[in-house]
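Okay, structure first, notes after.
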Amino acid sequence: MEDRSIAAFRFIHTADIHLDSPLKSLALRDPDLADLIGSATRAAFSAIIDLCLDEQVDALIIAGDLYDGAQTSMKTARFLAGELDRLSSAGIPAFIIRGNHDAMSKVTKELVLPGSVKLFGARAETHLIERGAGAKPVAMHGLSFANPTAPESLVPRYKPAIADAINIGILHTSLGGAPGHDAYAPCSPADLEALGYDYWALGHIHSRQVITGRSTIVMPGMPQGRDINEAGPKSVSLVSITDTGEVSVEERPTALAEFARVTVDASGLEEWRDLAESLTTVLKQAHQAATARELVVRLTITGATELAWRMRRDADVLLTEARERGARIGSVWIEKIEIDCDRQKLVVSDTANIAPLQEIRRLIDDDILGSDAFQTRLSAIAGNLLAQLPNDETLRNRFGTDETDARARLAKLAREGVDDVLSRFHAGPGAQDETR
């Protein structure tokens with residue numbers, strides 16, 4: 001049997017699990033899909049525990065946002081305690097810091113964790129792991145968020161590196177910032193390297209990043225995506241650090257379901273059946289490329305095609321067609337379809353009917369969409385709708401993150417609305433009779 005006392009120190013590093021994260025917008029579109037994704041964060045966490053046991057690692061590190069916001073379900077707490085008990089029974093300790101979402105969670109304060117779990121507090125601490133004769137000890141440095149915000153760097157609060165030890169820092173931080181993420185405990189890689197740690201286990205940014213230098217700095221990303229804005233493979237890091245300071249990092253997949261944006265080029269297609277076959281082809285390719293068991297797709301259809309009008313008019317039929325094709329492939333879900341056939345590229349053979357529509361289009365473009373009265377009315381409608389939405393940052397950001405972004409998004413919605421309305425004036429044959 002391998003002598004673990006002198007082997008490299010091996011651990012799993014993860015963050016941003018967001019257990020039982022609510023899925024309001026997805027539930028409105030497809031309750032079955034929402035049920036799948038709603039259980040996926042638990043499935044991913046169980047996969048992390050399984051990986052720890054299979055690899056017989058020395059520790060599990062969770063760098064913040066184990067929970068999701070102000071949720072209060074004790075079912076989440078019981079699930080988490082049960083999974084950590086599995087680690088404890090195998091003699092594997094867990095080291096956890098609270099992130100900004102954990103600081104908002106009632107569960108954080110009420111959960112009783114196994115004795116093998118070290119939950120760092122709001123003051124910087126160093127936990128020393130003795131590994132036996134001939135092996136360097138491991139110094140775990142951690143600091144939890146006391147409040148949901150941390151506008152200033154937390155790095156100056158961390159303890160200095162311990163000499164003749166493997167030093168690992170655990171920090172929840174936005175680093176230098178990333179799109180879609182608020183600034184929390186901002187710092188730079190140089191700030192982190194200055195402390196002299198061998199490895200920095202970070203959390204907060206949901207995309208994976210590995211920075212090598214005097215210290216190895218890893219943002220593992222999240223182990224399970226929750227919507228299309230968290231598309232792509234999701235994973236954790238399996239890390240090994242030798243007594244001589246050599247660090248190796250392996251990416252290990254953990255997600256039950258993977259989100260993907262998939263484009264279908266419908267250029268030149270004239271028959272509905274041909275479009276359906278194109279959907280099947282690209283969905284099969286996307287499924288084969290995915291690393292997770294389940295694939296959740298947002299389809300975007302592009303290109304100049306005679307079917308463009310009908311796709312807009314019969315969008316519900318198209319969505320049903322795509323979902324049926326995905327079901328035939330197996331484990332392929334269609335979250336949404338976006339039709340992005342530019343109106344200047346549309347090819348319509350019915351010239352008798354298209355001439356009046358072109359004139360309507362010209363009038364709308366020239367006299368309505370750019371007018372002050374229309375813009376004022378559009379902004380008023382958007383404002384009324386926003387006022388009725390829940391106090392949810394993700395939902396409200398769909399109308400723009402600032403004034404310029406909001407204007408651009410509203411303009412795009414207006415143009416898409418015009419295309420949808422005009423498509424219903426076009427006297428083409430119904431698509432319902434030509435599916436499959």
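Worth saying up front: this structure is predicted, and the values here are computed from it rather than measured.
By the side chain to side chain contact (heavy atoms under 4.5 Å, CB included) test, D274 pairs with L269, E271, sequence neighbours left out. Remark: E250 engages L238, R252 in a side chain to side chain contact (heavy atoms under 4.5 Å, CB included) (not counting sequence neighbours). In this structure, S278 has no side chain to side chain donor-acceptor pair (under 3.5 Å) partners at least two apart in sequence or on a different chain. For A161, the side chain to side chain contact (heavy atoms under 4.5 Å, CB included) test picks out N167, Y197, with sequence neighbours left out.
A heavy-atom distance below 4.5 Å is found between the side chains of E125 and K118. Residues L192 and C187 meet the side-chain proximity criterion, which asks for heavy atoms closer than 4.5 Å. Considering only heavy atoms from C-beta on, L60 comes within 4.5 Å of L87 through its side chain. Inter-residue side-chain proximity for L154 and T173 is flagged as unmet; no heavy-atom pair is nearer than 4.5 Å. Proximity of C52 to V57: side-chain heavy atoms (C-beta onward) are separated by under 4.5 Å at one or more points. A 4.5 Å side-chain heavy-atom check between V282 and T263 finds every atom pair outside the cut-off. Inter-residue side-chain proximity for H172 and I97 is flagged as met; some heavy-atom pair is nearer than 4.5 Å. Residues E270 and L307 form no side-chain contact, since every pair of their non-hydrogen atoms from C-beta on lies 4.5 Å or further apart.
Checking side-chain atoms of T242 against main-chain N and O of E246 turns up a donor-acceptor pair under 3.5 Å. A donor-acceptor pair under 3.5 Å is formed between the side chain of E230 and the backbone N or O of R226. Here the side chain of S235 pairs no donor or acceptor atom with the backbone of E251 at under 3.5 angstrom. Formation of a donor-acceptor pair under 3.5 Å by the T254 side chain with backbone atoms of P223 is found in this model. No side-chain donor-acceptor contact under 3.5 Å links S240 to the backbone of R10. Side-chain N or O atoms of D191 include one that pairs as donor or acceptor with a backbone N or O of S188 at under 3.5 Å. Of the possible donor and acceptor atoms, one in the side chain of D30 sits under 3.5 Å from a partner among the backbone N and O of L33. No donor-acceptor pair closer than 3.5 Å links the side chain of E338 to the backbone N or O of I301.
If you look at Y184 and H204, their ring centroids are closer than 6.0 Å. Residues Y67 and H18 keep their aromatic ring centres 6.0 Å or farther apart. Two rings, from W333 and F259, have their centers 6.0 Å or more apart.
K159 NZ to T126 OG1: the interatomic distance, rounded to the nearest 0.5 Å, is 6.5 Å. Residue I49 holds its CD1 atom at 6.0 Å from CD of E83, rounded to the nearest 0.5 Å. The CG atom of L175 sits 5.5 Å away from atom CG of L202, with the distance rounded to the nearest 0.5 Å. Distance check, rounded to the nearest 0.5 Å: CG of L318 to CZ of R323 gives 11.0 Å. Atom CG of D340 is separated from atom OG1 of T302 by 7.0 Å, given to the nearest 0.5 angstrom. In this structure, I12 CD1 and L53 CG are separated by 10.0 Å, a value rounded to the nearest 0.5 Å.
The cationic atom of K75 (NZ for Lys, CZ for Arg) does not lie both less than 6.0 Å from the six-membered ring centre of F79 and within 45° of the ring axis.
Heavy-atom minimum distance, S153 versus P156: OG-CD, 3.5 Å. A pairwise comparison of heavy atoms in S237 and V218 identifies OG-CG1, 3.7 Å as the closest pair. A pairwise comparison of heavy atoms in A257 and A292 identifies C-CB, 3.8 Å as the closest pair. Across W272 and V317, no two heavy atoms sit closer than the pair CZ2-CG1, 4.1 Å. For D243 against G134, the heavy-atom pair with the smallest separation is OD2-O, 3.7 Å. The two residues D16 and I205 make their nearest non-hydrogen contact at OD2-O, 4.0 Å.
In summary, the side chains of S215 and E193 do not present any donor paired with an acceptor at a separation below 3.5 Å, with no hydrogens or angles considered. A donor-acceptor contact closer than 3.5 angstrom links the side chains of R325 and T280.
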- Working for side-chain contact (heavy atoms from CB on, under 4.5 Å), residues L119 and F95: CA-CA 6 Å; L119 178 61; F95 298 88; over 6 Å; no
- I228 and R261: side-chain contact (heavy atoms from CB on, under 4.5 Å), yes or no, with the steps? CA-CA 7 Å; I228 194 62; R261 298 179 185 271; 3.8 Å; yes
- Task: Any chance you could lay out the side chain to side chain donor-acceptor pair (under 3.5 Å) test for R298 and N229, step after step, and finish with the verdict?
- Result: CA-CA 10 Å; R298 177 171 293 186; N229 295 315; 5.8 Å; no
- Item | Worked check of side-chain contact (heavy atoms from CB on, under 4.5 Å) between I168 and I61 | CA-CA 10 Å; I168 299 172; I61 293 177; 3.9 Å; yes
- Query: Can I166 and R131 be said to form a side-chain contact (heavy atoms from CB on, under 4.5 Å), step by step?
  - Reply: CA-CA 11 Å; I166 295 173; R131 301 172 60 223; 3.9 Å; yes
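Using a cutoff of 4.0 Å between basic side-chain nitrogens and carboxylate oxygens, R86 and D50 are scored as salt-bridged.
Partner of I334 under the side chain to side chain contact (heavy atoms under 4.5 Å, CB included) criterion, out of V297, L279, V296: V297 alone.
Using bins of under 30°, 30° to 60° and over 60° for the plane-to-plane angle, the ring pair F11/Y199 lands in the perpendicular bin.
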Side-chain donor-acceptor contacts of residues 37-45 below 3.5 Å, not counting sequence neighbours, with atom names and distances?
from	atom 1	to	atom 2	distance (Å)
S39	OG	D35	O	3.4
S39	OG	L36	O	3.0
T41	OG1	D20	N	3.0
R42	NE	D20	OD1	3.0
R42	NE	D20	OD2	3.3
R42	NH2	D20	OD2	3.0

Would you be so kind as to tabulate the donor-acceptor pairs closer than 3.5 Å made by side chains of residues 283-291, with sequence neighbours excluded?
from	atom 1	to	atom 2	distance (Å)
H287	NE2	G330	O	3.4
T291	OG1	E258	OE1	2.9

